[in-house]
Amino acid sequence: NAGVTQTPKFRILKIGQSMTLQCTQDMNHNYMYWYRQDPGMGLKLIYYSVGAGITDKGEVPNGYNVSRSTTEDFPLRLELAAPSQTSVYFCASLREGRSEKLFFGSGTQLSVL
Amino acid sequence: DAKTTQPPSMDCAEGRAANLPCNHSTISGNEYVYWYRQIHSQGPQYIIHGLKNNETNEMASLIITEDRKSSTLILPHATLRDTAVYYCIVRSNSGNTPLVFGKGTRLSVIA
């Protein structure tokens, strides 16, 4: 299993540009999450999904959109990039059950200039 | 708001046990205590979780007080590679409640 794969690893955007951060998992997990982490801070939940076709807002959803058309993929879209969205973005999926466990991707470092 | 309180930082000598405390005085009966850690800028890594009994795995031990209002993560023989930010999270594992991370404890293992 590749686990959770995020692309790209690094990206620089200009203010007002848009982009999609890709996230895919090959573990057939229903639950997937997007977090952002600002320098020196903890992770903040942006959006999450409990299965294909179902998404919900987290703590900091403004400026982002998500979709979940398949179990494997959970892309995060930034429509009008702002400097405040400079952050590291982590995607994660959840193995449910007694041995419940979050699996994280390696992150996308995004700078908006 | 995070449901847990952790010290912002701790030091531990290499080879000694690292004991990381976490207060969760408002924990509910169906909420578990989870521990994750984040090494440098990598994605967080699962360590252990428990409900009310003490738990042990290959990475660590989790000691939960009888009233469940606090817990301690124990790394029995800390190494330099255990230097990381450790997050204590309280969450119900029923339904679709996501894990909400606080600021965690930055553990520095010193040679």
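Predicted, not measured: the structure shown is a model, and the values here were computed from it. The sequence lines fix the lettering, A, B, ..., with proteins before strands; numbering per chain opens at 1.
- Both A:Ile15 and A:Leu13 are assigned to one and the same hydrophobic cluster, defined by single-linkage of ILVMFWY side chains at heavy-atom distances under 4.5 Å.
- For a residue to count as touching a neighbouring chain, one of its non-hydrogen atoms must lie under 4.5 Å from one of that chain's; by this rule A:Gln37 touches chain B with the side chain only.
- Taking hydrophobic clusters as Ile, Leu, Val, Met, Phe, Trp and Tyr residues chained together by side-chain heavy-atom distances below 4.5 Å, A:Leu78 does not share a cluster with A:Val88.
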Inset, instruction - Could you check B:Leu99 against A:Tyr48 for side-chain contact (heavy atoms from CB on, under 4.5 Å), going step by step and ending with a plain yes or no? - result: CA-CA 10 Å; B:Leu99 269 78; A:Tyr48 65 101; over 6 Å; no
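- A heavy-atom distance below 4.5 Å is found between the side chains of B:Tyr36 and A:Leu102.
- Within the 4.5 Å cutoff, the side chain of B:Gln38 has heavy atoms near those of the A:Leu43 side chain.
- Neither the backbone nor the side chain of A:Arg95 comes within contact range of chain B, judged by heavy atoms closer than 4.5 Å.
- B:Ile89 and A:Val60 fall into different hydrophobic clusters, where Ile, Leu, Val, Met, Phe, Trp and Tyr residues are linked whenever their side-chain heavy atoms come under 4.5 Å apart, directly or through other members.
- A single hydrophobic cluster is not seen to contain both A:Val4 and A:Phe104; linkage of ILVMFWY side chains at heavy-atom distances under 4.5 Å, directly or through other members, places them apart.
- Of the residues listed (A:Tyr33, A:Tyr35, A:Phe90), the one engaging B:Phe101 in a ring-ring contact (aromatic ring centres under 6.0 Å, His included) is A:Tyr35, and it is the only one.
- The 12-atom threshold is not exceeded at CZ of B:Arg16, counting heavy atoms of other residues, nucleotides or ligands nearer than 6.0 Å.
- Cluster annotation: B:Met59 is connected to B:Met10 through the hydrophobic network of ILVMFWY side chains, with a link wherever side-chain heavy atoms come within less than 4.5 Å.
- Under the 3.5 Å distance criterion, with hydrogens and angles disregarded, a donor-acceptor pair is assigned to the side chains of B:Tyr34 and A:Glu100.
- At a 4.5 Å heavy-atom cutoff, the contact between A:Leu45 and chain B is made by side-chain atoms alone.
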